[in-house]
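Here the structure comes first, spelled out in structure tokens, and everything after it is commentary.
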Amino acid sequence: MLFKSFVLGLAYTAATNIAAPILRREVPQEHSHENILILMRDAIATGSNPQNLGDPVFGLLGDAAAAGGLGDTTDPDCLQQNLADLAFTNAKAAGNVTLMTGALIYRALERNTGSVGLASVACNSTTAVNSEIAAISQHQDPASTGAAAINKAIVLTLAQQIASIGGEPQDALKSGTFAPGTLGDPTAAGNTCDNIVDEGCINADNKLVEDATADEINAAVSGVAASSVAATTADAAAT
Ligand SMILES: *[C@@H]1O[C@H](CO)[C@@H](O)[C@H](O)[C@H]1NC(C)=O
Ligand SMILES: *[C@@H]1O[C@H](CO)[C@@H](O)[C@H](O)[C@H]1NC(C)=O
């Protein structure tokens with residue numbers, strides 16, 4: 001518990017320290033989905049952390065701040081993926097589908113970027129160990145080019161991966177982000193929130209924009225084989 005508070009304190013300090021130079025990063029929103037960060041921390045805590053990765057909040061920060069959570073790794077653009085991969089591995093070993101689902105959703109969350117409308121770069125230096133994590137990429141700034149279509153595709157892929165492990169596919173909608181900010185907004189405030197509440201301020205403040213309808217999710221997962229769901233769940237439960 002002490003250790004956890006210490007890490008959280010560090011993460012918060014890192015986030016606070018770089019909040020001033022607005023040009024360095026977009027709107028702070030790394031705590032918007034605190035509900036998912038909580039699942040990630042639980043998932044990671046069920047096993048070991050061989051690369052000494054930092055708190056999951058680091059994976060949602062821009063490169064400069066993300067560097068504080070890299071542990072033994074080197075690429076800030078892959079930290080979100082690597083944290084998700086670690087959490088998924090540990091949750092799978094623990095046979096906990098809730099925590100595995102949390103890791104999948106985390107992988108799809110939007111990451112802070114330098115300005116409103118700027119998309120974050122893909123992780124291209126490492127491949128996730130878990131194919132379920134490797135299949136997913138992060139939400140893009142809703143004000144960036146083509147974001148609505150890109151983010152919908154990400155959510156439908158996420159729903160399929162959740163279905164494949166025997167989770168609730170509609171949970172993919174929890175990865176949704178905010179309404180688009182105004183390009184060139186001098187405050188870079190967008191429509192975001194970043195206060196820390198357990199349910200996630202994006203939920204508490206009713207700011208989450210769902211990327212797809214429930215029917216679209218159902219249609220997307222209808223092709224996911226029941227046998228693969230059963231096999232993966234059984235596998236997770238057995239380990
Ligand atoms: C899975 O993890 C959640 C969140 O930590 C916990 O509440 C739940 O009891 C766990 N389920 C099992 C079956 O261990
Ligand atoms: C990987 O991403 C980095 C950072 O965006 C970029 O500079 C580099 O060219 C990319 N490499 C490949 C092989 O795509």
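Remember, it's 1-based here, ligands and their atoms both numbered in the order they're listed.
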Hey, is atom 7 (O) of ligand 1 under 4.0 Å from any protein heavy atom?
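When distances to the protein are checked, atom 7 (O) of ligand 1 has no heavy atom within 4.0 Å.
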Output the list of atoms in ligand 1 that are nearer than 4.0 Å to some heavy atom of Leu99, sorted by atom number.
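Near Leu99, meaning under 4.0 Å from one of its heavy atoms, ligand 1 has 2 (O), 4 (C), 5 (O).
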Checking the N or O distance criterion of under 3.5 Å, is ligand 1 in contact with Asp42?
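In this structure, Asp42 places an N or O atom under 3.5 Å from an N or O of ligand 1.
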Protein contact to atom 10 (C) of ligand 1 [nearest heavy atom, distance to 0.1 Å]:
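Of every protein heavy atom, Asn96 ND2, 2.4 Å lies nearest to atom 10 (C) of ligand 1.
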Measuring from Thr126:OG1 to Gln51:CD, what's the distance to the nearest 0.5 Å?
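Separation between the atoms: 8.0 Å.
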Just verifying a value: how many Å separate Thr177 OG1 and Leu208 CG, rounded to the nearest 0.5 Å?
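It is 7.5 Å, given to the nearest 0.5 Å.
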Linking directly or through intermediates, with side-chain heavy atoms under 4.5 Å: list the remaining ILVMFWY members grouped with Val129, chain and number order.
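Besides Val129, the cluster holds no residue at all.
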Mind checking what makes salt bridge (charged side-chain N to carboxylate O under 4.0 Å, His left out) contact with Glu199, not counting sequence neighbours?
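So Glu199 forms no salt bridge (charged side-chain N to carboxylate O under 4.0 Å, His left out) with any residue.
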